[in-house]
Number of protein chains: 2
Amino acid sequence: MNCPVRRYNVCEPLGPDRQRELYEHQQTWKRGQYLYREGYPVGPILKIITGIVSVSKTLPDGRRQILDFFFAGELCGYLETEGRYTFEGQAITDVTTCAFTRSRFKAFTAAHDDLTEIVRATLAWKLEGISRHAVVLGQLSAKERVATFLCWFGARSGERGGTPSVRLPMARGDIADYLGLTIETVSRTLSKLRMLGIIEVSDTTITVLDAARLASLASPLDEH
Amino acid sequence: MNCPVRRYNVCEPLGPDRQRELYEHQQTWKRGQYLYREGYPVGPILKIITGIVSVSKTLPDGRRQILDFFFAGELCGYLETEGRYTFEGQAITDVTTCAFTRSRFKAFTAAHDDLTEIVRATLAWKLEGISRHAVVLGQLSAKERVATFLCWFGARSGERGGTPSVRLPMARGDIADYLGLTIETVSRTLSKLRMLGIIEVSDTTITVLDAARLASLASPLDEH
DNA sequence: CGGTTAGTTGAGTGCATTCAATCCCAGTGG
DNA sequence: CCACTGGGATTGAATGCACTCAACTAACCG
């Protein structure tokens, strides 16, 4: 459940002195704004201070697949292809970031062995995460997808407390695009789970009444 | 189209001397055999000499999602979680491999700066690939998925020749599990493309008659 | 020649979608 | 204070795409 890599979320373990050495000016982003877009020449790597960023791909006809949510402490805008962003980063909530010059980041990690290992471990961890997500997208039914999402997100928030109530900071549309469903299907599925007495829905807050049953619906995937 | 990382497919650039230093005994696998299974204690990292290996996850009820196909020259069995394989590797064709002791691989990469960079670049490249695949699974219709697959696979084979005919070494079931569809849907979709005059189907060989039209069906995703 | 396995095709079903209406709430201005 | 507005969420009705179940064909091998 608690991936070991989480411990060294790139930068956290640096300590304030080494962090200062790397950080550039701080920035704020309004919910919905793009931090960077696919195909644009790469800018700095962004470290999220507060808020949530989605990494996604938008097709020419408007369809969008959210690949991952990035939380405070994580880096985004890392992946590039020939000097251009591979995907797009969008503020799901209001977000504040600070920037790393890409070249400086590269030089800095090259100079510190522990950092190169942290980068490697983080990439491997992300690779595992997106792979699990691909299984969700390719194989699970709507109910299973939503249940999996709630379990995953509940586990995330549950880290600090034992409360079974989950705040969903993102809009239904974001959940839908993450799960490869439509807004309506997500909404309907939440209603079904509510009518089954498994959860309680209150706009942005979901209260898990029957964690065991929820987990069994998401069962196909052990844990995240 | 040609990811720069391809150039340094881990190990190829090592040169015969350094390769010998790393390799263990060779192994052969029959089509369908598992090279390793999810949750099993990790063994060596396997380098594919010939054949194709699928990396997949199988759910308790038998549903299977193939996450990636690995070809000759690539390493598989790399990802682990707490000393256990994260996914499963299966021989899609007959396969021969040679093995790397995991600890030796680790020590060896740690000792060579260029190798650590190759590992990092390969992980980033795989991350990008599976992300694109997630978009396919989450957003595309059956026709778009199959077209995307054919384009992707055609580009792979096309590297050596200009021939528009694609040999599909994997069974329909493998394609289906890769694309998150059923065998029947894959078969039907190929038939539709055939009746549209876009391809010609002959069991394992697909001849692309109208590459432009095929690409436009897969259009949503530029290239792979 | 039967037996087996992979692939194709047909018929019918169901789940998620599309289209559309309604609700809820926060923000705004009369 | 209340009506109006707009965005997000929910719910309903109807459609359609991919699925399930099933039959059939082709190829391969004993």
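Just so we're on the same page: letters track the sequence lines, and every chain starts at 1.
- Here CG of B:L46 is found 11.5 Å from CZ of B:F70. Values are rounded to the nearest 0.5 Å.
- Using a 4.0 Å cut-off, no side-chain N or O of B:R63 falls inside it from OP1 or OP2 of D:dC19.
- No donor-acceptor distance shorter than 3.5 angstrom exists from the side chain of B:Q90 to the backbone of B:L35, with no hydrogens or angles considered.
- Against DNA chain C, the stretch residues 196-208 of chain A makes no heavy-atom approach under 4.0 Å.
- Counting any heavy atom pair closer than 4.0 Å across all strands shown, B:L190 reaches no nucleic acid atom.
- In this model, no donor atom of one side chain and acceptor atom of the other lie less than 3.5 Å apart for A:S202 and A:T205.
- In this structure, A:E80 pairs ionically with A:R102, as a charged nitrogen and a carboxylate oxygen lie closer than 4.0 Å.
- Applying the 4.0 Å criterion to OP1 and OP2 of D:dA18, one finds that B:T182 has every side-chain N and O outside that range.
- Taking atom CD of B:E184 as the reference point, atom C1' of D:dA22 lies 10 Å away to the nearest angstrom.
- A cation-pi geometry, defined here as NZ or CZ lying under 6.0 Å from the six-membered ring centre and within 45° of its normal, does not hold between B:K47 and B:F105.
- Using a 4.0 Å heavy-atom distance criterion, B:G32 is classed as making no nucleic acid contact.
- Rounded to whole angstrom, the span from the CG atom of A:L168 across to the P atom of D:dT10 amounts to 10 Å.
- Distance, A:M170 CE to D:dG7 C1': 19 Å, rounded to whole Å.
- Rounded to a whole Å, the CD atom of B:Q139 is 10 Å from the P atom of C:dT18.
- Atoms OG1 and CD1, from B:T207 and B:I198 in turn, are 14.0 Å apart once rounded to the nearest 0.5 Å.
- Comparing the end axes of the helix from C:dC1-D:dG30 to C:dG30-D:dC1, each fitted to five base pairs by superposing C1' atoms of four pairs onto the next four, gives an inter-axis angle of 20° (nearest 10 degrees).
- Atoms CZ and CG, on B:R172 and B:D177 in that order, are 13.5 Å from each other to the nearest 0.5 Å.
- The interatomic distance linking B:M195 (CE) with C:dG10 (C1') rounds to 12 Å, in whole Å.
- In this structure, A:R194 reaches the D:dT11 phosphate: one of its side-chain N or O atoms is under 4.0 Å from OP1 or OP2.
- To the nearest angstrom, P of D:dC17 lies 18 Å from CG of B:L179.
- A sub-4.0 Å separation between OP1 or OP2 of C:dT9 and a side-chain N or O of B:S191 is present.
- For B:R188 and C:dG7, a side-chain-to-base donor-acceptor distance below 3.5 Å is absent, hydrogens and geometry of angles not being considered.
- The shortest heavy-atom contact between A:A171 and A:R31 is CB-NH2, 4.0 Å.
- Taking 4.0 angstrom as the limit, B:T185 places none of its side-chain polar atoms (N or O) nearer than this to OP1 or OP2 of D:dA18.
- The shortest heavy-atom contact between B:R145 and B:L179 is NH1-O, 2.7 Å.
- Straight-line distance from the CZ atom of A:R145 to the C1' atom of C:dT17: 12 Å, rounded to whole Å.
- For the pair B:I183 CD1 and D:dC19 P, the computed distance is 11 Å after rounding to whole Å.
- The aromatic rings of A:F153 and A:F149 sit parallel to each other, their planes meeting at less than 30°, with 60° as the upper class boundary.
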